[in-house]
Amino acid sequence: MFKKITVQQLRLGMYIHALGGAWIHHPFWRSTFVLDDAEDLQQLKASAVPEVWIDLSKGLDVLDDRQSPVHPIETTPPDITAPDLLGTEPTPLGQEIAQARALCAQARDAVMAMFSEARMGRTVNMEKNSILVQEITNSVLRNPDALISVARLKTADNYTYMHSVAVSALMVALAKQLGFDEAKIHQAAMAGLLHDIGKAQANLHILNKPGALTDDEFAHMKRHPVAGYELLKHTIADQAVLDACLHHHERIDGRGYPHRLQGDAVSELARMNAICDVYDAITSNRPYKHGWSPAVALQRMAQWCHGHLDNHLFSAFVKALGVYPIGSLVRLNNGELAVVYAPCATNLLTPKVVRFYDTTRNQFLCPPKATDLCCVAHLRILQREDPDHWSFPDLDNIWQAAAAQETTACPVLE
């Protein structure tokens, strides 16, 4: 028998069958568990969870039944599946960025725990991963720019963990652009989340080294695809996900690793993973290298398509992110510099930007000017700019401030 109760009625010894509210509003990954820890009890009571379902056949009942919600007893358990993929209506960028920040914080801790468990030889918990993948997917489908942009702003300390989250989000955006169905989008997101799990077996000194690797150290790190495959092969039945984890460092020209596969011998999911992996790596700040601007990164990656990356999939990737992704520094035809803070739903070449510096006068604009290039005929982007050529310390703060005020929901360009 199942009973729905308020969180304030919880007590130790109850068997939690399902938690109410959104996943990001509570600190637990488990769908069902015995409430036998006083700290867990306090966390639940302090969370935004409004109510829970308890299983009376496996744990204690409430002490005072007078506060139970309507319909307290059920013979059929409530649905406790992962969040539904469908019905994700577009949301404004500003609204989704707030949710993306909360999701990133939860996801970082979850991936960190997954790596820690893998280091200790424990089986990867696919129930947790399925829930996380669904939340990542839902966020990207509601607004394709929010989570991708927020996840890029990782630190050197959490790079390994947030890289997995960022690649998963990028895989969703690319899969959506390619017209994948629900099951294949989930598959792509899972491949992105797990692709680097083999790094859990890497030497931590080498993994966290604040500098370029020696040849021997690089050879050590090149073992992580095979290590990841070995960690997952007895846990995951999806061979496509396993293959993507094993072969995301293969190249179209056959010069990749671990098996030097060439052309179509590299699966589509692995080729997608390679693109998303490279993009997030080169746009992220590392201890030994400052990340490239999103627009500069796409420009450089376009030069690698002939041998390294799949040209068709890369074209879809650019369309999914936009020619000028959020955070890109650009020069306008009037000599002003601007940073992109939101896409245009109808034209890849005319995003929304914040104009902040006049190169003709060598002075900052006070205040900066948020401008929708779709609506301003006399202004257009002249070229991409490399932030490394300038000394602007707060480009990310500029676009984040503008994006937080964005109230228009922009769907993915088809």
Side-chain angles (χ1 to χ4, degrees), residues 140 144-145 148-149 151-152 163 166-180 184-185 187-189 191-192 195-196 218 221-222 224-225 240 243-284 286 289-330 340 343 347-349 351 381-388 412-414:
V140 175
D145 301 289
I148 289 171
S149 300
R152 184 175 62 83
H163 175 65
V167 172
S168 183
L170 289 165
M171 289 286 278
V172 173
L174 178 53
K176 174 65 176 176
Q177 184 63 46
L178 292 168
F180 285 11
K184 290 191 69 176
I185 290 175
Q187 186 182 61
H195 78 287
D196 267 352
F218 184 57
M221 290 307 302
K222 285 172 67 174
H224 78 269
D243 178 83
C245 292
L246 179 60
H247 292 130
H248 65 277
H249 280 294
E250 301 288 358
R251 294 171 48 129
I252 298 301
D253 60 10
R255 296 169 59 192
Y257 61 90
H259 297 135
R260 300 183 68 87
L261 301 181
Q262 186 172 3
D264 291 340
V266 185
S267 70
E268 181 180 44
L269 205 60
R271 282 178 278 150
M272 291 168 60
N273 214 329
I275 291 169
C276 297
D277 176 51
V278 168
Y279 175 81
D280 185 67
I282 64 178
T283 56
S284 299
R286 311 290 290 277
K289 183 182 180 299
H290 188 73
W292 287 337
S293 159
V296 171
L298 291 182
Q299 185 178 31
R300 304 279 175 84
M301 288 175 70
Q303 300 168 1
W304 305 338
C305 284
H306 298 296
H308 187 173
L309 305 172
D310 182 291
N311 188 62
H312 168 71
L313 293 177
F314 179 71
S315 295
F317 183 74
V318 172
K319 194 170 185 181
L321 266 63
V323 176
Y324 305 107
I326 290 178
S328 299
L329 180 66
V330 296
V340 177
N347 192 333
L348 292 171
L349 301 178
I381 293 176
L382 193 63
Q383 65 184 43
R384 302 176 180 89
E385 286 286 329
D386 189 342
D388 288 344
V412 177
L413 288 173
E414 300 293 346

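The chain is numbered in sequence order, starting from 1. Atom set for the values below is all heavy atoms of this structure, side chains included, hydrogens, waters and symmetry mates excluded.
Among all heavy-atom pairs drawn from H224 and M221, the shortest one is ND1-O, 2.7 Å. Residue S293 comes nearest to T283 through the heavy atom pair O-CG2, 4.4 Å, listed as atom of the first residue, atom of the second, then distance. Considering all non-hydrogen atoms of both residues, A188 and A175 come closest at CB-CB, 4.0 Å.
For the pairing with H195, the side-chain hydrogen bond (donor to acceptor under 3.5 Å, both in side chains) check across H163, H248, H247 returns one residue only, H163. Screening M171, E268, Q187 for a side-chain contact (heavy atoms from CB on, under 4.5 Å) with F180, the sole residue that qualifies is E268.
The backbone N or O of R260 lies less than 3.5 Å from a partner atom in the side chain of E250, making a donor-acceptor pair. Side chain of R384 to backbone of S328: no donor-acceptor contact under 3.5 angstrom is found. Between the side chain of S284 and the backbone N or O of G291, no donor-acceptor pair lies under 3.5 Å.
Annotation: the span from L348 atom CG to Y324 atom OH amounts to 10.0 Å, rounded to 0.5 Å. A distance of 11.5 Å separates CG of L309 from CD of Q303, quoted to the nearest 0.5 Å. For the atom pair CG of L313 and CG of N273, the computed distance is 11.5 Å after rounding to the nearest 0.5 Å.
Annotation: side chain of H290 is in contact with side chain of D388 (closest heavy-atom distance under 4.5 Å). Contact of the I381 side chain with the P351 side chain is registered, since non-hydrogen atoms from C-beta on lie closer than 4.5 Å. Residues L246 and P258 meet the side-chain proximity criterion, which asks for heavy atoms closer than 4.5 Å.
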Derivation and outcome, side-chain contact (heavy atoms from CB on, under 4.5 Å), residues L170 and L321 | CA-CA 9 Å; L170 289 165; L321 266 63; 4.0 Å; yes
Decide side-chain contact (heavy atoms from CB on, under 4.5 Å) for L269 and K184; before the verdict, give the C-alpha distance in whole Å, the side-chain angles of both, and the deciding distance to 0.1 Å.
-> CA-CA 10 Å; L269 205 60; K184 290 191 69 176; over 6 Å; no
Take I252 and D310 through the side-chain contact (heavy atoms from CB on, under 4.5 Å) test and state the conclusion after the steps.
-> CA-CA 7 Å; I252 298 301; D310 182 291; 4.2 Å; yes
Derivation of the side-chain contact (heavy atoms from CB on, under 4.5 Å) call for M301 and I275 = CA-CA 9 Å; M301 288 175 70; I275 291 169; 4.0 Å; yes
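Note: Y279 and F317 have perpendicular aromatic rings, judged against thresholds of 30 and 60 degrees for the angle between ring planes.
Atom CZ of R300 sits in a crowded spot, with more than 12 heavy atoms from other residues, nucleotides or ligands closer than 6.0 Å.
Remark: F314 engages no residue in a ring-ring contact (aromatic ring centres under 6.0 Å, His included) (not counting sequence neighbours). Residues meeting the ring-ring contact (aromatic ring centres under 6.0 Å, His included) test with H312, sequence neighbours left out: none.
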